Participant: 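Encoded as structure tokens, here's the structure I'll be asking about.
Chain A is the first sequence line, chain B the second, and so forth, proteins listed ahead of strands; every chain is numbered from 1. Since this is a predicted model, take the numbers as computed values, not measurements. Atoms considered below: every heavy atom in the structure, side chains included; atoms not considered: hydrogens, waters and symmetry mates.
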Number of protein chains: 2
Amino acid sequence: MSLRHAVLGLLTWQPMTGYELANKFDVSLGNAWHASHSQIYPELGKLEDEGMIEVVARGARNSRTYGVTDAGSEELRRWLVDVEPNRQQRSESGVRSFLAPRLLKPKDSRLALERDLRDIRAQQEMLEEIQRRMDEDPGGSHPFAPAVDLGLRINPVIEGWIRDQLAELADTAD
Amino acid sequence: MSLRHAVLGLLTWQPMTGYELANKFDVSLGNAWHASHSQIYPELGKLEDEGMIEVVARGARNSRTYGVTDAGSEELRRWLVDVEPNRQQRSESGVRSFLAPRLLKPKDSRLALERDLRDIRAQQEMLEEIQRRMDEDPGGSHPFAPAVDLGLRINPVIEGWIRDQLAELADTAD
DNA sequence: GTTGACATGTAACAAGTTACATGATTGA
DNA sequence: TCAATCATGTAACTTGTTACATGTCAAC
């Protein structure tokens, strides 16, 4: 399980409400991890029960801002330093790109690959836009900007791969 | 859900038993997707009920070899061509590498990053070994060699990123 | 006053992991 | 005959998604 560590990580950077956390997962860590509020709130409850986090402020609209306790910091440190990382990179893009040229007729394959190329370009542009906005706001805190960076580095790899597949297809009759 | 499409893809390439499928997920697609036999057998049952696959041979040890039906091929084609791909690249490595230098003391951070570096080098060597074996056996069919290729391309990206973090740390006192 | 963002929650379901369980066949 | 591999299955549990549900507050 790693949701709890992602939550602890984000809260270590800055105390937040569950709502803010859910947004952070999208904008900061979205490229590497996603969680929706229906996962986050129960996890916050468990972490509080276990003494890993605590309410540091209560605000309008019954909001609770959580911060990490010493026990939580220690748990995060332990996970980062002591725990065998899970290196698996589940990638639907990967599966799709591998299957298409091998299993489909050239025409269908071209359709699938071109669509994947469009999608990955769109994602790339979105990431570049986010990066641009971060550059324009040097005062703002963007602790997980590297998640964007990771996306910006990996996407071209996959894009190149898809282009290679398309180039090979170009030599093939339909 | 994409397990069924990965299964259909592997079976399109070559009819197999559930057991062989479970192995293929590790060696062929493991870098992009993993599934264990306890997931695969029920999925095979469902796919058979839906007419996507069928038993094409029965062998020793009560084994059943499954092949893809026309309906299954069509479903795979539909998924590859028509369905909006899920581009999310969940990455625990990503999360770990982002968190370590930002949240830990330099000493702990160095420990965590060095461990991640070791692990990713080990994975890289494993992938290189697999690739070597595939090169030595040009007769064998390796339809998902690109999964290995994807790993071989993405790992250096993450490795470079971790090295950058370590280099920054080198300028910092503990 | 009503729309939209903020804020929290639960229920039902699907997907994925780990552990338990069993039996067949091969090769040493 | 014993260990390893082949081969299949289920149960219990955790994780993750989608949908449903409710209420607060600010701005227009």
Side-chain angles (χ1 to χ4, degrees), chain A residues 1-8 10-11 14-27 29-30 32-50 53 55-66 79 83-92 95, chain B residues 1-8 10-11 14-27 29-30 32-50 53 55-66 79 83-92 95:
Chain A
M1 182 187 26
S2 192
L3 171 63
R4 61 171 36 207
H5 300 110
V7 167
L8 285 173
L10 287 163
L11 290 181
Q14 193 175 79
M16 270 180 274
T17 67
Y19 185 85
E20 290 169 318
L21 265 174
N23 290 335
K24 280 290 167 217
F25 265 96
D26 279 342
V27 302
L29 222 43
W33 204 274
H34 174 75
S36 49
H37 76 275
S38 60
Q39 249 189 301
I40 288 168
Y41 287 113
E43 190 63 40
L44 286 173
K46 279 184 231 159
L47 285 167
E48 192 179 16
D49 289 347
E50 294 168 31
I53 61 174
V55 175
V56 295
R58 285 167 188 276
R61 299 167 185 140
N62 307 316
S63 72
R64 281 151 296 158
T65 300
Y66 287 96
W79 178 65
V83 174
E84 184 73 26
N86 175 4
R87 288 256 156 256
Q88 211 187 290
Q89 294 258 343
R90 168 164 296 205
S91 164
E92 195 175 301
V95 175
Chain B
M1 182 189 28
S2 191
L3 171 62
R4 61 172 35 209
H5 300 110
V7 167
L8 285 173
L10 286 163
L11 291 181
Q14 192 176 77
M16 270 180 273
T17 67
Y19 185 85
E20 291 169 318
L21 265 174
N23 290 334
K24 280 290 166 218
F25 266 96
D26 279 343
V27 302
L29 222 42
W33 204 275
H34 174 75
S36 50
H37 76 274
S38 60
Q39 249 188 303
I40 288 170
Y41 287 112
E43 190 63 40
L44 285 173
K46 278 185 231 159
L47 284 167
E48 192 180 15
D49 289 348
E50 295 169 30
I53 61 175
V55 176
V56 295
R58 286 166 188 276
R61 298 169 185 135
N62 307 319
S63 72
R64 280 150 297 158
T65 300
Y66 288 95
W79 178 65
V83 174
E84 184 73 24
N86 175 3
R87 289 257 156 256
Q88 211 188 290
Q89 295 258 342
R90 166 165 299 204
S91 166
E92 195 175 299
V95 175

Participant: Please check the phosphate of dG9(D) (OP1 and OP2 only) for any side-chain N or O of Arg64(B) closer than 4.0 Å.
Facilitator: yes

Participant: Report yes if at least one side-chain N or O of Tyr19(A) is closer than 4.0 Å to OP1 or OP2 of dC6(C); otherwise report no.
Facilitator: yes

Participant: Can you give me the closest heavy-atom contact between Ile40(B) and Gly18(B), atom names plus distance?
Facilitator: CG2-O, 4.1 Å

Participant: From dT10(C), dG16(D), dG16(C), pick the nucleotide closest to the side chain of Arg90(A)?
Facilitator: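 Minimum distance to the Arg90(A) side chain belongs to dG16(C).
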
Participant: In whole Å, I'd like the distance from the CG atom of Leu44(A) to the P atom of dT15(D).
Facilitator: 15 Å

Participant: Are any of Ser36(B)'s side-chain N or O atoms less than 4.0 Å away from OP1 or OP2 of dT18(C)?
Facilitator: no

Participant: Start at the 5' end of DNA chain D and walk down; is the nucleotide closest to His34(A) or to Gly18(B) reached first?
Facilitator: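 Residue closer to the 5' terminus by nearest nucleotide: Gly18(B).
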
Participant: Looking at His5(A), is its backbone amide N or carbonyl O close enough to the side chain of Ser2(A) to form a donor-acceptor pair, meaning the two atoms are under 3.5 Å apart?
Facilitator: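 No, the answer is negative, given that no donor and acceptor are paired below the 3.5 Å cut-off.
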
Participant: Using atom CZ of Arg58(A) as one end and atom C1' of dT24(D) as the other, report the distance to the nearest whole Å.
Facilitator: 16 Å

Participant: Nearest whole Å is fine: how far is dT10(D) P from Lys46(B) NZ?
Facilitator: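 To the nearest whole Å, that distance equals 12 Å.
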
Participant: Measure from CG on Leu47(A) to P on dT15(D) and round the result to the nearest Å.
Facilitator: 11 Å

Participant: Find the distance Phe25(B):CZ to dT17(C):P and express it as a whole number of Å.
Facilitator: 11 Å

Participant: Answer yes or no: is there a donor N or O on one side and an acceptor on the other, between the side chain of Arg64(B) and the main chain of Ala57(B), under 3.5 Å?
Facilitator: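 No; judged by distance alone, with no hydrogens or angles, the pair does not exist.
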
Participant: Within this structure, what is the CD1-to-P distance between Ile40(A) and dG16(D), rounded to whole angstrom?
Facilitator: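 Answer to the nearest Å: 11 Å.
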
Participant: Using a 4.0 Å cut-off on protein heavy atoms (strictly under), produce a 5'-to-3' string for nucleotides 19-28 of chain C with B for base contact, S for backbone-only sugar-phosphate contact, and - for none.
Facilitator: B----BBS--

Participant: Nearest whole angstrom, please: distance from the P of dT15(D) to the CD of Glu92(B).
Facilitator: 12 Å

Participant: Return yes if some donor-acceptor pair links the side-chain N/O of Glu50(A) with the main-chain N/O of Leu47(A) below 3.5 Å, else return no.
Facilitator: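 No, because the side chain of Glu50(A) does not come within donor-acceptor range (under 3.5 Å) of the backbone of Leu47(A).
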
Participant: Is the phosphate of dT8(D) approached by Tyr41(B) (side-chain N or O, under 4.0 Å from OP1 or OP2)?
Facilitator: yes

Participant: May I ask you to verify if any side-chain N or O of Gln39(A) is less than 4.0 angstrom from the OP1 or OP2 atom of dG16(D)?
Facilitator: yes

Participant: Take the protein atom CG of Leu3(B) and the nucleotide atom C1' of dT17(D), then report the distance between them rounded to whole Å.
Facilitator: 16 Å

Participant: Search all heavy atoms of Leu11(B) against all heavy atoms of Tyr66(B) and return the closest pair with its distance.
Facilitator: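 Closest approach of Leu11(B) to Tyr66(B): CD2-O, 3.6 Å.
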
Participant: For Arg61(A), give me all partners under side-chain contact (heavy atoms from CB on, under 4.5 Å), at least two apart in sequence or on another chain.
Facilitator: none

Participant: Among Asn23(A), Leu44(A), Leu21(A), which one satisfies side chain to side chain contact (heavy atoms under 4.5 Å, CB included) with Met16(A)?
Facilitator: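 The residue from Asn23(A), Leu44(A), Leu21(A) that satisfies side chain to side chain contact (heavy atoms under 4.5 Å, CB included) with Met16(A) turns out to be Leu21(A).
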
